[in-house]
Amino acid sequence: MFTIEHDFDCTVVTLVDDGAAPLQEDVSINAFAECVTIEQYDARTDEVHKITLSTAQIRDLAAALNLPEGSYFIPKTPGGGVKPIG
């Protein structure tokens, strides 16, 4: 399950683990114009862990989800597609 909220400066997507137990804590994805942050509460340490990704890293992650194992890059030219390295 997930929710989407549009705040003033970002879009927040919250992923709720509704699978089989043991369940993981919710994951909040905050999409800003210049970066994306991913946050998850850790009950063991009582802290929220945050990862910040650039828009280029998000673009690469989106491409990687549908590719086989390997090393790739995305050329900066329009329509360049994803190119394998090597």
Side-chain angles (χ1 to χ4, degrees):
M1 180 184 128
F2 61 92
T3 64
I4 302 171
E5 300 171 51
H6 298 291
D7 290 341
F8 173 73
D9 60 346
C10 72
T11 297
V12 179
V13 176
T14 302
L15 306 176
V16 178
D17 189 358
D18 58 353
L23 299 177
Q24 298 296 314
E25 295 290 337
D26 295 355
V27 174
S28 293
I29 303 164
N30 304 288
F32 298 92
E34 67 282 352
C35 68
V36 173
T37 62
I38 302 169
E39 299 176 343
Q40 186 177 39
Y41 174 72
D42 184 346
R44 295 171 300 168
T45 62
D46 194 31
E47 294 179 4
V48 174
H49 297 279
K50 181 193 285 190
I51 297 172
T52 303
L53 301 171
S54 70
T55 54
Q57 289 174 308
I58 290 296
R59 179 201 64 212
D60 291 351
L61 175 60
L65 293 175
N66 294 314
L67 291 170
E69 185 176 301
S71 297
Y72 301 88
F73 72 98
I74 300 175
K76 294 186 181 196
T77 57
V82 177
K83 308 279 188 203
I85 296 174

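Nothing fancy with the numbering, it's 1 onward along the sequence.
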*Residues in side-chain hydrogen bond (donor to acceptor under 3.5 Å, both in side chains) with Tyr41, at least two apart?*
Asp46
Which residues satisfy the side chain to side chain contact (heavy atoms under 4.5 Å, CB included) test with [X], sequence neighbours excluded?
{"X": "Glu34", "answer": "Phe32"}
{"X": "Ala64", "answer": "none"}
{"X": "Asn66", "answer": "none"}
{"X": "Ala62", "answer": "none"}

*Could you list the residues that satisfy salt bridge (Lys or Arg N to Asp or Glu O under 4.0 Å) with Asp7, not counting sequence neighbours?*
none
*List the atom of Thr45, the atom of His49, and the distance in Å for their closest heavy-atom pair.*
OG1-NE2, 3.7 Å
_Restricting to non-hydrogen atoms, name the atom on Thr55 and the atom on Ala33 that form the minimum distance, rounded to 0.1 Å._
CG2-O, 3.7 Å
_Contact list for residues 49-72, test salt bridge (charged side-chain N to carboxylate O under 4.0 Å, His left out), sequence neighbours left out_ = Glu39-Lys50
_Positive for side-chain contact (heavy atoms from CB on, under 4.5 Å) with Val36, one of Leu61, Thr52, Ile51, Ile58_ = Ile58
*Honestly curious: do Ile4 and Val27 fall in one hydrophobic cluster under the side-chain, below-4.5 Å linking rule?*
yes
Check: residues 10-25 side-chain donor-acceptor pairs under 3.5 Å, at least two apart:
unit_1: Thr11; atom_1: OG1; unit_2: His6; atom_2: ND1; d: 3.2
unit_1: Asp17; atom_1: OD1; unit_2: Gly19; atom_2: N; d: 3.1
unit_1: Asp17; atom_1: OD2; unit_2: Gln24; atom_2: N; d: 2.8
unit_1: Asp18; atom_1: OD1; unit_2: Met1; atom_2: N; d: 3.4
unit_1: Asp18; atom_1: OD2; unit_2: Met1; atom_2: N; d: 3.2

